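Below is one structure, written out as structure tokens; the observations come after it.
Hydrogens, waters and symmetry mates are skipped; everything else that's a heavy atom, side chains included, is used. As the structure is a computational prediction, the values presented were derived from the model and not from experiment.
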Amino acid sequence: MTDLTAVPTYKDRTVGLIVVGILEICLALLCLLNLGVMAIAVFAVKAQTAMPQTTNARTMMGAGLFYLILAAFFGTMGIGTMRARRWARTLMLVVSWMWLVVGAFSSILMVFILPKMLGSIERAAGPAGGPGITTFMTGCMFVILGLVYIALPAILVLFYRGPNVKATVEAKDPSVPWTDRTPAPVLALSLLLGYGAVASLIGISYGAFPLFGRIISGIPAVLGFIFMAVLSAILAVAVYRRRPAAWWTLAGLWVLGCVSTAFFFVGGGLDMRELYEAMGMANPELERMGIYDIWKNPAVLILMAVGMLAWFGYLLWVRKFFRPAEDLSAPFA
């Protein structure tokens with residue numbers, strides 16, 4: 001018999017993959033540029049003020065590691081995308097979705113922060129500034145935030161989720177990578193935990209560990225960050241393998257996190273000032289910009305509560321993917 005099965009056709013998106021890959025490499029270079037500019041600015045301020053050297057070291061170490069990780073990530077994704085690798089498409093699609101969700105949440109939060117921040121800049125400018133300058137700066141800030149938090153991740157989501165892009169990378173890279181061996185929502189959760197492990201290690205540089213309304217410093221803080229890093233790494237692997245115990249552990253940590261957050265903000269956000277001081281990042285400018293007082297705003301607290309409930313809703317949604325070990329061989333939707 002003649003095989004009449006039709007061969008599926010698709011539009012080759014190799015050129016698009018190359019263009020997007022170049023964009024991601026540019027993002028990596030931008031992260032390195034930001035790191036360099038930040039270093040120059042910090043040392044310039046140090047040369048003109050009495051800023052403690054420890055403040056410089058903590059700020060540079062934490063932010064520097066963050067930018068280096070971002071640069072390495074975008075650089076790797078750019079090369080993988082240009083080479084049409086399936087793992088690059090899956091990772092960027094999942095990360096872009098997370099980027100978009102967090103960006104939308106952050107954009108709402110910035111609505112409460114930007115007015116006071118720009119008002120502080122206007123007062124510092126004095127007579128040289130004016131309503132026109134403030135309006136212009138406000139517009140520029142919202143345009144930049146819109147591009148970084150919303151537009152860019154949305155473009156990446158639309159590109160990577162396209163059926164022709166998916167078909168192109170599958171044709172050029174037929175092997176099934178580790179990123180495609182677990183459901184995408186579970187992979188996102190595993191990646192978040194992996195990021196949490198790295199962020200905990202970066203947190204060691206700041207030397208302040210908030211816990212149930214208290215701020216721990218010194219050796220106990222270092223041990224606390226190490227414990228969280230190890231726990232997050234173990235959970236990242238267990239979640240990727242869809243172990244039910246990992247899901248229940250995350251649900252328990254959510255409850256503890258809610259309790260700890262409630263203790264932290266029970267004083268109207270006053271502990272935020274203490275946290276910045278413990279981190280060696282206290283600055284009168286933060287006071288003038290209202291960064292400490294923003295956490296007294298009921299709307300901001302409600303926004304945080306909505307975020308925590310949304311996180312728990314996500315945990316409930318992905319619960320269906322976690323199965324006993326003997327059922328993990330079954331296909332997933």
Side-chain angles (χ1 to χ4, degrees), residues 6-39 63-108 110 139-192 194-195 198-199 240:
V7 178
T9 59
Y10 62 91
K11 293 182 180 180
D12 189 283
R13 296 302 188 195
T14 301
V15 175
L17 290 167
I18 293 175
V19 172
V20 172
I22 292 174
L23 171 63
E24 290 162 359
I25 291 176
C26 290
L27 290 176
L29 295 176
L30 182 60
C31 291
L32 294 177
L33 178 62
N34 286 339
L35 175 59
V37 171
M38 183 186 66
L65 287 174
F66 177 74
Y67 278 119
L68 285 175
I69 291 172
L70 279 183
F73 174 77
F74 281 120
T76 303
M77 293 302 103
I79 295 173
T81 296
M82 294 174 67
R83 299 180 63 188
R85 293 294 184 259
R86 290 179 65 173
W87 54 264
R89 174 194 169 271
T90 303
L91 283 177
M92 278 307 302
L93 180 58
V94 170
V95 171
S96 296
W97 268 117
M98 293 190 291
W99 183 359
L100 181 59
V101 171
V102 174
F105 185 85
S106 301
S107 297
I108 298 174
M110 290 302 294
C140 290
M141 290 293 291
F142 274 109
V143 169
I144 293 174
L145 291 176
L147 288 174
V148 175
Y149 286 173
I150 305 296
L152 186 53
I155 290 172
L156 292 175
V157 167
L158 291 175
F159 175 77
Y160 281 108
R161 73 188 298 267
N164 291 316
V165 172
K166 183 175 183 293
T168 299
V169 297
E170 289 179 352
K172 293 180 176 292
D173 185 15
S175 61
V176 180
W178 64 272
T179 54
D180 291 30
R181 295 173 185 170
T182 197
V186 176
L187 178 63
L189 191 56
S190 179
L191 292 176
L192 282 173
Y195 171 78
V198 175
Y240 174 81

Looking at every heavy atom in both Ala28 and Gly75, which two are closest together, and how far apart are they? CB-N, 3.5 Å
From OG (Ser175) to CG (Asp180), nearest 0.5 Å: 9.0 Å
Point-to-point distance, once rounded to the nearest 0.5 Å, from CG of Leu158 to CG of Leu93: 10.0 Å
Donor-acceptor pair, side chain of Asp173 and main chain of Arg86, under 3.5 angstrom: yes
What do the steps show when you test Thr81 against Tyr160 for side chain to side chain contact (heavy atoms under 4.5 Å, CB included), and what is the final call? CA-CA 10 Å; Thr81 296; Tyr160 281 108; 2.8 Å; yes
I want to check something: taking the side chain as every heavy atom from C-beta on, are Leu156 and Val95 in contact at a cut-off of under 4.5 Å? no
Would you say Thr14 and Lys172 make side-chain contact, with heavy atoms under 4.5 Å? yes
Taking atom CD1 of Ile79 and atom CD of Glu24, what is their separation to the nearest 0.5 Å? 10.5 Å
How far apart are the C-alpha atoms of Leu191 and Met98, what are their side-chain angles, what is the distance that settles it, and do they pass the side chain to side chain contact (heavy atoms under 4.5 Å, CB included) test? CA-CA 10 Å; Leu191 292 176; Met98 293 190 291; 4.3 Å; yes
Leu91 CG to Leu187 CG distance, which is reported to the nearest 0.5 Å: 6.0 Å
pair Arg89-Phe159: side-chain heavy atoms closer than 4.5 Å: no
Side chain proximity check, Phe66 to Leu35, heavy atoms < 4.5 angstrom: no
Using side chain to side chain contact (heavy atoms under 4.5 Å, CB included), reason through Leu152 and Leu27 one step at a time and then give a plain yes or no. CA-CA 11 Å; Leu152 186 53; Leu27 290 176; 3.9 Å; yes
Rounded at 0.5 Å granularity, tell me how far CG in Leu147 sits from CD1 in Ile155. 8.0 Å
Evaluate whether atom CZ of Phe73 has more than 12 neighbouring non-hydrogen atoms of other residues, nucleotides or ligands under 6.0 angstrom away. yes
Determine the minimum heavy-atom distance between Met82 and Ile18, stating which atoms define it. CG-O, 3.9 Å
Would one find more than 12 heavy atoms of other residues, nucleotides or ligands at under 6.0 Å from atom CH2 of Trp99? yes
Closer than 3.5 angstrom, by distance alone: can the side chain of Ser190 be matched with the main-chain N or O of Val186 as a donor-acceptor pair? no
Spell out, as yes or no, whether a donor-acceptor pair under 3.5 Å connects the side chain of Thr182 to the backbone of Tyr240. yes
